[in-house]
Structure formats: C-alpha cells, structure tokens
Amino acid sequence: MKVLHVVNLYPTARYPGNGVFVKEQIEDVGNFVKCDVYFINRKEKGLKEYWKAIWALRRRCREYDLVHAHQLLAGAVCCLVAEHSKLVVSILSSGNDAIGWPKVFGDLVFNMVCSRAERLIFKCPPPRKWAGKAVYLPNGVDESRFKPIGERVAKQRLGLDAGKRYVLFVSANSIHRPEKRYDFYRSVMSSLERRYPEEKWAELVVSRSSRESMPYYYAAASVHLLPSDREGSPNSVKEALASGCPVVAREVGDLRSLIGDVDGCVLFHDDHPEDVADRVREAAKTADRWAIRRAFLKKGLTKERVRDALLNVYKGLMDGRAVR
C-alpha cells in the first residue's frame, strides 16, 4: 500500500513543535506501509501554498492507493483535486470551528470535506451526521518518552527554581492564539500569586520548545492548566497524563473522556479565575503521579495502539469494509 500524507502542520526549524504529533504518527505508520509527505507550508510561505498544492497534487495523488489529509484545509485541497485515490481526512479540532473563519465558510468547507472523503478521523467524538464514515481516533502518546521523572531532576535540567510551584501552559507555536486563552491562564496565576504568596506559585509557559525537553516540563510542573475555548484531543494533556502530571482543564473536545475519571485531575466550565486557582491548588496537593499514568495507559492511547488502529482504517477502506 502506498499512502500520500498531505499536511499543513509539520515541524520546521522555526516552528519545531508545529504538527510534531502528525510527523510522529506518519513515521510510525511508515514502518508498515509506504508513506510520502506533501507539506503545505502555509505558516511560513502564506496562503498561496494551498493553490500551489492543488496543481501539484493533481499529478501526484494518482500515484498512490490512498491519500491521508491531516487537518480540515488540507482535506479541502485534496477534495478539489480532480483525480485522487481514496481519501482519508483527519479533523484535528472539533470540526468547523476554526478560529477566524466566518461560520458560513467554516460550515461549507467542513461539510464539503466530510461528504467527499471516504473516511473521517475525528480527535473528539464525531458528529452523528457523519457516523457512517467517521472514526474516533485521538493521537497516541509515546509512553516510553513521556513518563514520570523526578521533579528535582527536571527543574535542574530546565534551570528552574527548586522552591517554586510551577503551573504549565502549553501552546505549540504561539501563546497568543486566542482560543488557547493565555489571558485566562494569567488571571488564574495572578489569583494564586496574590492569595497564596507563601506557596511560591510561578508560571511555566512553553511554546516552540524542542521535543526532547517536553518530558522535563511535565515533570517540573505541579499542574498542567489547559484553559482553551476549543480543542479536539489536546496532545499536551495526553502527554501530561502519561508523565503523571495532574491536569486542570476546561471541558472542551474529548477532555471528559481523557480526565473525567482520573483522580487528581479536574474539569471546569466557567471563567472564574479564583475558582480555577483553587482547583489547581487542590490538584497539586492531592495528585498521585504514578496513579495518573496508570489511569491514562488503561485508555489505550499509546502510539502503538493508535498506529494499529489507523492501519486498520486504511486496510478497511482498501478492502471496502464499513466503519464499525
């Protein structure tokens, strides 16, 4: 089987964390099927890269048994190619709610892609309308890389103060993406610092970090706070759980299934910084890191299991089997 992966999220020297989870998934699958990558580098080269991709893919797609587009706009490009192989599209957010898009345009693109793709992979539970061709398959986590590390060791590695309690905020490319809600994170931190100064709470903000350093951030943090307004299946949460780091998160995407039943982790629904600050404080006090990791591993979201499930999607599509 030959698979062409069409991506608009992929690591570069300038943005090392951009789509690293896509790259890792492709590499895992590539150990079992022939994989090539077409990268639409929109972030560095602009929107014209989408138009260039349409013409380039008209020639390339017919050489492959299957095309897997990662992200809605990459899927839209593949839908506009007149001749292509069987099409799989991964919807990385919760659907048509991409930030900055007018809702009418978002709905149009979302429905076009969903109607034309042969298989849809959702990172959070899929809409009922597309259940006949949709698979719920969040990204997997490398459990050998992300695991509990001593807090003191991690803080030394990162040059952090051993006496402070750090609250982790993660945004792969920029902390100023509006949906990530860095503003709310700052409000929570201000509440902690103002109300509990003796506890020495401190920010730990990660963006454009190397892959190698990420396990140390989860180990150094007392809590990972995710205040996003929109997510699909946030990779930082799964990496934190595999690392044993407690998570306090707004209930978006598939967060209910990820942390709703994990002791030491908390979901919230409102915009009251003081309440969330208290939940962060309580999670830091009560969490058992190894218990958090064990609870996460039971969910079966390791990279090997997700890879095998994705290969099964490919084989089922090629064999003409229906989605189960």
Side-chain angles (χ1 to χ4, degrees), residues 1-10 19 21-40 53-96 107-140 232-233 253-254 257 299-324:
M1 187 189 305
K2 292 178 63 179
V3 181
L4 177 64
H5 297 268
V6 179
V7 302
N8 60 359
L9 298 167
Y10 214 68
F21 55 92
V22 174
K23 178 178 183 290
E24 291 174 350
Q25 186 176 87
I26 293 171
E27 290 173 346
D28 285 342
V29 171
N31 292 320
F32 296 86
V33 297
K34 168 66 175 174
C35 290
D36 292 323
V37 175
Y38 184 94
F39 178 28
I40 304 170
I54 292 172
W55 297 107
L57 291 171
R58 284 181 184 274
R59 298 189 299 272
R60 291 197 62 179
C61 284
R62 67 190 70 175
E63 302 171 9
Y64 295 86
D65 302 301
L66 187 148
V67 175
H68 185 169
H70 298 260
Q71 204 266 345
L72 188 62
L73 280 181
V77 167
C78 292
C79 289
L80 294 173
V81 175
E83 298 180 27
H84 60 66
S85 307
K86 293 181 183 297
L87 178 61
V88 177
V89 179
S90 287
I91 309 293
L92 303 185
S93 69
S94 55
N96 58 348
D107 288 344
L108 179 66
V109 174
F110 179 72
N111 286 304
M112 178 192 72
V113 170
C114 289
S115 62
R116 295 192 182 184
E118 281 85 357
R119 288 289 185 275
L120 299 166
I121 295 174
F122 282 85
K123 307 302 178 179
C124 56
R128 185 175 301 175
K129 177 179 179 180
W130 304 108
K133 59 170 69 176
V135 178
Y136 170 49
L137 187 61
N139 296 319
S233 181
D254 71 345
S257 64
K299 298 178 184 296
L301 293 176
T302 60
K303 69 171 187 175
E304 290 82 7
R305 290 191 181 185
V306 171
R307 175 203 64 206
D308 292 345
L310 181 57
L311 288 169
N312 191 53
V313 171
Y314 290 171
K315 292 174 183 175
L317 179 56
M318 296 304 297
D319 295 341
R321 286 187 271 123
V323 171
R324 294 179 181 179

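Not measured: the values here are computed from a predicted model. The chain is numbered in sequence order, starting from 1.
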Query raised in the report: So do the side chains of Leu4 and Leu57 get within less than 4.5 Å of each other, counting heavy atoms only?
Result: yes
For residues 305-320, run the donor-acceptor check on the side chains, cut-off 3.5 Å, and write out each pair with its distance to 0.1 Å, sequence neighbours left out.
from	atom 1	to	atom 2	distance (Å)
Tyr314	OH	His68	ND1	2.6

Requested in this report: Mind checking side-chain contact (heavy atoms from CB on, under 4.5 Å) for Val22 and listing every partner two or more places apart, or none if nothing turns up?
Outcome: Val7, Ile26, His70
Query raised in the report: Listed by chain and number, what are the side chain to side chain donor-acceptor pair (under 3.5 Å) partners of Ser115, not counting sequence neighbours?
Result: none
Query - Working for side-chain contact (heavy atoms from CB on, under 4.5 Å), residues Val33 and Lys2 - result: CA-CA 6 Å; Val33 297; Lys2 292 178 63 179; over 6 Å; no
Report task. Tell me, please, which residues at least two apart from Asp28 pass side chain to side chain donor-acceptor pair (under 3.5 Å). Result -> none
Query - Qualifying residues under ring pair (Phe, Tyr, Trp, His ring centres under 6.0 Å), relative to Tyr38, sequence neighbours excluded - result: none
Report summary line: Sorted by chain and number, sequence neighbours left out, side-chain contact (heavy atoms from CB on, under 4.5 Å) with Leu108 holds for none
Query - Close aromatic pair by centroid cut-off 6.0 Å: Tyr10 and Phe39 - result: yes
Query raised in the report: Below 4.5 Å, heavy atoms only, C-beta onward: do Ile121 and Val88 meet side chain to side chain?
Result: yes
Requested in this report: Could you pull out all residues at least two apart from Asp65 that satisfy salt bridge (Lys or Arg N to Asp or Glu O under 4.0 Å)?
Outcome: none
Query raised in the report: Can you list the residues that meet the side chain to side chain donor-acceptor pair (under 3.5 Å) rule with Lys303, with sequence neighbours excluded?
Result: none
Query - Partner set under salt bridge (Lys or Arg N to Asp or Glu O under 4.0 Å) for Glu27, not counting sequence neighbours - result: Lys23
Query raised in the report: Looking only at atom types and distance, does a side-chain atom of Lys133 sit under 3.5 Å from a main-chain N or O of Cys114, one as donor and one as acceptor?
Result: yes
Query raised in the report: Mind checking what makes side chain to side chain donor-acceptor pair (under 3.5 Å) contact with Lys299, not counting sequence neighbours?
Result: Asp261
